Amino acid sequence: MKNNLLLLKTLFLSTSQINAYKYCKDKKKRSRLIGTFVGYAFLYIIIMVFCLATCIGYGFVGLIDAAPVMCALILSVLAFFFTLLKTNGYLFNFKEYDMLMCLPFKPKTIAGCKFLYMYIKSLPWYLSVSIAALIGYAIFAKPALYVYPIWIVLGLLVPIIPMLVATFLGFIIAKISSGSRYNKALQVILSFVLIFLCFSSRFFFEDMFKNNKVKETLTTVSDVTGKAADIYLPAKWFSNAVIKTDIIGIALLVSISIALFIVIFLIVGSSYRKINSAFASHASSKKFVMSAQKQKSIVNSIAYKEFKRFLGSPTYMVNVVIGEVFAFIFGVVVLVLGFNNIVKLVTNNAPFDPAIIQPAIPFIIYFFIGMVATTACSPSLEGKNYWILQSLPLEKKKIYQGKMMFNMYLTVPFMVFAIISSCVSAKAPVLDSILYLVLGLVLCAFSTTWGCVCGVKFMKLEWENEVEVVKQGTAVMLYLFPNMFSVMIITVLSVVFGTFINHCALMIIFILLYGALSLACYIGVMRLAKK
């Protein structure tokens with residue numbers, strides 16, 4: 001435990017933004033750090049408002065006893081997916097591996113420390129959910145005073161079990177893929193398979209409930225959360241501890257969390273060196289043939305360099321390309337099931353013409369495509385190599401143009417395929433389909449340029465782990481949340497306006513709007529390149 005605490009202290013001293021603000025004398029960097037703190041605080045407030053509103057809704061309909069289960073389930077889902085997408089970067093293939101392994105610590109100690117580091121870095125998200133749910137629960141349930149510390153302490157423990165499960169799954173993926181020559185590609189494929197299995201499990205349970213394959217039909221939110229707690233026992237233990245002061249539930253949650261931690265990192269530690277060594281090694285081809293070199297433009301050369309960087313990082317690839325993969329799956333599903341059938345399924349056979357949803361097609365697909373732009377994180381991913389780019393006889397604007405070009409190469413094919421599939425399935429008019437395609441391309445351009453503005457403005461070159469840039473970077477957060485919220489609003493508005501405005505005219509308006517925004521963002525990037 002002392003070794004873990006020593007390593008944790010060292011990691012946080014070297015990566016803490018508060019520590020950086022405390023000792024940094026650069027005014028620009030300090031102002032950026034303040035902006036980062038404010039941005040994260042805003043995100044935490046949004047999460048707290050959502051959870052508090054949910055609990056208040058439970059209270060008004062007399063289902064406040066479902067709030068603890070709801071809180072535990074949200075914490076568990078967040079912890080599982082956050083950890084699943086971060087495990088590769090935190091536990092395996094990280095930069096300081098050689099340095100840490102030279103220290104007199106056992107591999108299981110280093111792996112356990114990295115897990116605890118990952119857990120503590122995610123605590124603000126978990127506390128935002130837990131404290132907001134506690135406030136909402138307290139307003140209506142008016143629990144005894146001893147319930148508050150029980151809730152807070154157990155709320156800190158609830159995410160540990162799903163994090164450990166996600167870590168173990170990530171370890172299995174890493175172990176399987178490390179034995180292959182193409183370990184990084186195999187790791188990405190296995191990660192996607194696991195993610196899709198997790199998402200598809202929702203439809204399995206929905207089918208099970210709809211077809212009366214369980215004893216009771218789920219008719220209320222309370223029933224749903226109650227059944228979920230029966231399946232996922234840690235949520236039930238947390239709920240019983242809060243509502244009934246169940247000592248057994250508290251003991252089970254604490255003891256199983258500790259036991260799982262010990263067992264999993266004994267297993268992980270046994271193969272830790274072997275897996276990291278496999279990822280650090282690079283296979284070389286024996287069939288190398290000298291051929292004539294092809295001349296490329298500077299912008300395309302930088303785009304190709306970014307493509308190679310993209311392929312060389314499973315963390316970068318999994319987190320960025322997941323939206324494109326979902327868009328491709330959406331296009332295939334629409335072709336197979338039919339656009340109108342999907343609309344009826346989502347709206348529970350609501351009595352309206354599915355054609356009114358057609359103006360929302362580009363925005364529905366952009367919701368997937370625009371999840372994360374490579375330009376939001378690629379400037380920061382240069383890290384300590386950024387000085388090499390600066391030393392080359394290249395203008396900064398060429399570098400940024402190359403990075404933007406790569407994002408367009410990545411997103412446009414998926415956008416075009418998904419829109420064409422949706423238009424063919426929905427039997428949309430030809431002119432409307434052409435305008436949907438044009439709008440889709442403009443949305444890709446907006447995603448690219450807006451991501452580059454965030455990526456350059458909030459560039460973070462000093463990092464020890466790619467996850468800090470790809471998942472937790474200020475640039476990614478500032479790109480993601482405004483973009484996603486605005487897309488959800490625009491999607492609804494496109495359907496509403498489409499009921500009384502000609503679809504072609506509506507698309508032209510959106511094309512001009514997002515075209516202007518894309519141009520403004522591009523000009524902003526070029527101005528930043530001159531600084």
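Note that the structure is a prediction, hence the values are computed from the model and not measured. Keep in mind that the numbers below use all heavy atoms, side chains included, and drop hydrogens, waters and symmetry copies.
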Identify the two heavy atoms, one from L127 and one from L156, that lie closest to each other, and give their separation to 0.1 Å. CD2-CD2, 3.5 Å
Approximate separation, where rounding is to 0.5 Å, of M477 CE and C454 SG: 12.5 Å
F50 vs V129, side-chain contact (heavy atoms from CB on, under 4.5 Å): CA-CA, chis, key distance, verdict: CA-CA 9 Å; F50 169 77; V129 174; over 6 Å; no
Separation between CE of M371 and CD1 of I369, rounded to the nearest 0.5 Å: 9.5 Å
With distance as the sole test, does S255 use its side chain to make a donor-acceptor pair with the main-chain N or O of A251 at under 3.5 Å? yes
Could you grab the distance from atom CD1 of I342 to atom CD1 of I357, nearest 0.5 Å is fine? 12.5 Å
Give me the atom names and distance for the closest heavy-atom approach of C521 to V453. O-CG2, 3.3 Å
Contact check, side chains of F238 and D246, non-hydrogen atoms, under 4.5 Å: no
Non-hydrogen atoms of T167 and M118 that approach each other most closely: OG1-CE, 4.3 Å
Cut-off 3.5 Å, side chains only: do Y366 and T491 have a donor facing an acceptor? no
Taking every heavy atom of A132 against every heavy atom of L52, the minimum-distance pair comes out as O-CD1, 3.7 Å
Could you tell me whether a side-chain N or O of S239 sits under 3.5 Å from a main-chain N or O of A235, the two making a donor and an acceptor? no
Please report the closest heavy-atom contact between I160 and F115, naming both atoms and the distance. O-CZ, 4.2 Å
Measure from the side-chain N and O atoms of T83 to the backbone N and O of M163, and report whether any donor-acceptor pair falls under 3.5 Å. no
Please walk me through it: do I161 and S76 pass side-chain contact (heavy atoms from CB on, under 4.5 Å)? CA-CA 8 Å; I161 293 177; S76 299; over 6 Å; no
Are F265 and F261 close enough that their ring centers fall under 6.0 Å? yes
Gap between atom CD1 of I152 and atom CD1 of I131 - 0.5 Å precision: 6.5 Å
Suppose we screen for side chain to side chain donor-acceptor pair (under 3.5 Å). Which residues come up paired with S130, at least two apart in sequence or across chains? W151
Can you establish whether the number of heavy atoms outside Y148 located under 6.0 Å from its atom OH is more than 12? yes
Is there a side-chain contact between V158 and Y126 in this structure, where contact means two heavy atoms from C-beta onward sitting under 4.5 Å apart? no
Measure the acute angle between the ring planes of F414 and F328, then classify it against the limits of 30° and 60° as parallel, tilted or perpendicular. perpendicular
Please work out whether the ring planes of F368 and F330 are parallel, tilted or perpendicular, with thresholds of 30° and 60°. tilted
Answer whether the closest heavy-atom distance between the side chains of I361 and F339 falls below 4.5 Å. yes
Which heavy atom in F80 sits nearest to a heavy atom in P162, and how many Å separate them? CD1-O, 3.7 Å
The reported gap from CD1 in I74 to OG1 in T54 (rounded to nearest 0.5 angstrom) is 6.0 Å
Partners meeting side-chain contact (heavy atoms from CB on, under 4.5 Å) with S486 (sequence neighbours left out): N483
Near I120 CD1, under 6.0 Å, is it more than 12 heavy atoms from other residues, nucleotides or ligands? yes
Where do T411 and S447 land on the side-chain contact (heavy atoms from CB on, under 4.5 Å) test, with the steps shown first? CA-CA 9 Å; T411 57; S447 170; 5.6 Å; no
What's the separation between atom CD1 in I247 and atom CG in L252, rounded to the nearest 0.5 Å? 11.5 Å
Any non-hydrogen side-chain atom of I250 less than 4.5 Å from a side-chain atom of L154? yes
Do P143 and Y137 have side chains that get closer than 4.5 Å, going by heavy atoms? yes
Donor-acceptor pair, side chain of Y479 and main chain of G370, under 3.5 angstrom: yes
So L493 and F363, side-chain contact (heavy atoms from CB on, under 4.5 Å) or not? Walk me through it. CA-CA 11 Å; L493 291 178; F363 297 107; over 6 Å; no
Would you mind reporting whether F140 and D65 have side-chain heavy atoms less than 4.5 Å apart? no
